[in-house]
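What follows is one structure encoded as structure tokens, with my remarks underneath.
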There are 2 protein chains.
Amino acid sequence: MEHIHDHSKEINVVKKELPNDSLLCDLGDIFKLFGDTTRIKILYALLESELCVCAICELLGMEQSAISHQLRILKNANLVTSKRSGKMSIYSLADEHVREIIELGFEHLTEV
Amino acid sequence: MEHIHDHSKEINVVKKELPNDSLLCDLGDIFKLFGDTTRIKILYALLESELCVCAICELLGMEQSAISHQLRILKNANLVTSKRSGKMSIYSLADEHVREIIELGFEHLTEV
DNA sequence: CTTTCATATGAATGTACATACATATGATAA
DNA sequence: TTATCATATGTATGTACATTCATATGAAAG
């Protein structure tokens, strides 16, 4: 695109309101966490009850390795926490933001 | 994993509350839309003002083709709408859910 | 009509990432 | 200690998808 017509008015207004790249990137990363079916299922399950890794595997019908990898991602993002209980690791939600975000997604889903 | 210990109590409770696969998949797809930096930027910009494709390109410093592809994805998902104005296509947000979802994401970002 | 600008779209490419496999670590029991 | 269960993690692989390039379509002007 060589000949761009003038948008300076609109663009300058918008540009001021737009957060910096790093922040927008972080924001995208948060939604990316919710953008995977496996992770959504895990988070949704944890909304109901804390669960050990093995229970999540059985619930989703997936391999333990896959679940553990996803749990680590969720933990690094501070969406879930874990505690040891003997041989097991029990995972639970870190806070209520997860519930709010999922519910908001559902709203959009049902209203369109 | 051959020898799975018994989780039937917890699992049965959670299983009843878990939506079906198709619904969870759709839910994930919505968040996937917000999980890309380019799309987040576009949506954020449209929160401030309706914009033509060319303005978005200039604002984000990206190629027109890339922007158009992303706009199509957002339009197919009913997050944005477009209208023709001469040679230009003006894009705007379809509803206020976008604002709510982005704001909620920001909350999580700033509180952790 | 032809030309030019604005946008849309098909195809190719590179990258990010979810899963599988193999293996390591941690914890309890014998 | 060794054996077994539960989980974690490193690596490889396949797939999904964002961007680019090239081109097509749409709209206005000359």
Side-chain angles (χ1 to χ4, degrees), chain A residues 1-7 10-11 21 24-25 28-43 46 50-77 80-92, chain B residues 1-7 10-11 21 24-25 28-43 46 50-77 80-92:
Chain A
M1 186 71 52
E2 303 299 337
H3 314 286
I4 297 177
H5 56 274
D6 188 38
H7 300 291
E10 317 142 77
I11 289 184
D21 262 48
L24 288 167
C25 215
D29 287 343
I30 287 181
F31 290 117
K32 215 172 283 177
L33 294 167
F34 291 86
D36 173 78
T37 308
T38 301
R39 284 194 294 266
I40 282 268
K41 284 179 185 173
I42 292 174
L43 292 171
L46 294 179
E50 58 176 28
L51 293 167
C52 71
V53 177
C54 205
I56 299 174
C57 293
E58 194 178 341
L59 187 65
L60 305 196
M62 292 178 63
E63 298 231 350
Q64 176 267 322
S65 169
I67 299 298
S68 277
H69 278 297
Q70 296 305 330
L71 284 170
R72 187 157 68 119
I73 292 171
L74 293 172
K75 193 176 179 180
N76 286 342
V80 306
T81 56
S82 68
K83 62 186 178 194
R84 268 278 177 181
S85 171
K87 297 182 222 171
M88 303 191 300
S89 286
I90 312 292
Y91 282 82
S92 51
Chain B
M1 183 72 53
E2 303 299 337
H3 314 285
I4 298 176
H5 56 274
D6 187 39
H7 300 291
E10 316 143 76
I11 290 184
D21 262 47
L24 288 168
C25 217
D29 287 343
I30 287 181
F31 290 116
K32 214 171 284 177
L33 295 167
F34 291 86
D36 174 78
T37 309
T38 300
R39 284 194 294 266
I40 282 268
K41 285 179 184 174
I42 293 175
L43 292 171
L46 294 179
E50 59 176 28
L51 293 166
C52 72
V53 178
C54 206
I56 300 175
C57 294
E58 194 178 340
L59 189 64
L60 305 197
M62 291 179 62
E63 298 231 349
Q64 175 267 322
S65 170
I67 299 299
S68 277
H69 278 298
Q70 295 307 328
L71 283 170
R72 187 158 67 118
I73 291 171
L74 293 172
K75 193 176 179 180
N76 286 341
V80 306
T81 56
S82 69
K83 61 185 179 198
R84 268 277 176 181
S85 170
K87 297 182 220 169
M88 302 192 300
S89 286
I90 313 292
Y91 282 80
S92 52

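Chain letters run A, B, ... following the sequence lines, proteins first, then strands; residues in each count from 1.
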Gap between atoms CG and P, on B:D36 and C:dA16 respectively (whole Å): 13 Å
Could you tell me the separation between the CD atom of A:E63 and the P atom of C:dA20, rounded to a whole number of Å? 5 Å
Return the nearest nucleotide to the side chain of A:K87; candidates are D:dT19, C:dA27, D:dA8. C:dA27
A:D21 side chain reached by B:K41 side chain, heavy atoms, under 4.5 Å: yes
Is there a donor-acceptor pair under 3.5 Å between the side chain of A:R39 and the backbone N or O of A:K32? yes
Hey, can you tell me if A:F31 and B:F34 have their rings parallel, tilted or perpendicular (30° and 60° cut-offs)? tilted
Report the distance from atom CG of A:N76 to atom C1' of D:dT9, rounded to the nearest whole Å. 12 Å
Tell me whether A:H69 is stacked on the nucleobase of C:dT19, counting only the six-membered base ring and applying the 5.5 Å and 30° thresholds. no
Separation of C:dA6 atom P from B:R84 atom CZ, nearest Å, is 11 Å
Nearest-angstrom distance from the residue atom CZ of B:F31 to P of D:dA16: 22 Å
Go through the N and O atoms of the side chain of A:S68 and the base of D:dT9, and report whether any donor-acceptor pair is under 3.5 Å. no
Using a cut-off of 4.0 Å on non-hydrogen atoms, how would the nucleic acid contact of A:K32 be classed: base, sugar-phosphate, or nothing? sugar-phosphate
Please tell me which of the listed nucleotides, C:dT7, D:dT19, C:dT19, lies nearest to the side chain of A:Q70? C:dT19
Using heavy-atom distances to pick each residue's nearest nucleotide on DNA chain C, tell me which of A:A66 and B:R72 is more 5'. B:R72
Spacing between B:I42 atom CD1 and D:dA18 atom C1', to the nearest angstrom: 11 Å
Using side-chain heavy atoms (C-beta onward) and a distance below 4.5 Å, is A:M88 in contact with A:C54? no
Among D:dA8, C:dT7, D:dC21, which nucleotide sits nearest the side chain of B:Q64? C:dT7
Could you give the CG-to-C1' distance, from A:L60 to C:dA20, as a whole number of Å? 16 Å
Sugar-phosphate only, base, or nothing, as touched by B:I56 at under 4.0 Å among non-hydrogen atoms: nothing
Is the shortest side-chain N/O distance from B:Y91 to OP1 or OP2 of C:dA6 below 4.0 Å? no
Expressed in angstrom and rounded to an integer, what is the separation of B:I90 atom CD1 from C:dA8 atom P? 10 Å
Using a 4.0 Å heavy-atom cut-off, does B:S65 contact any base of the nucleic acid, only the sugar-phosphate backbone, or nothing at all? base
pair B:L43-B:V80: side-chain heavy atoms closer than 4.5 Å: yes
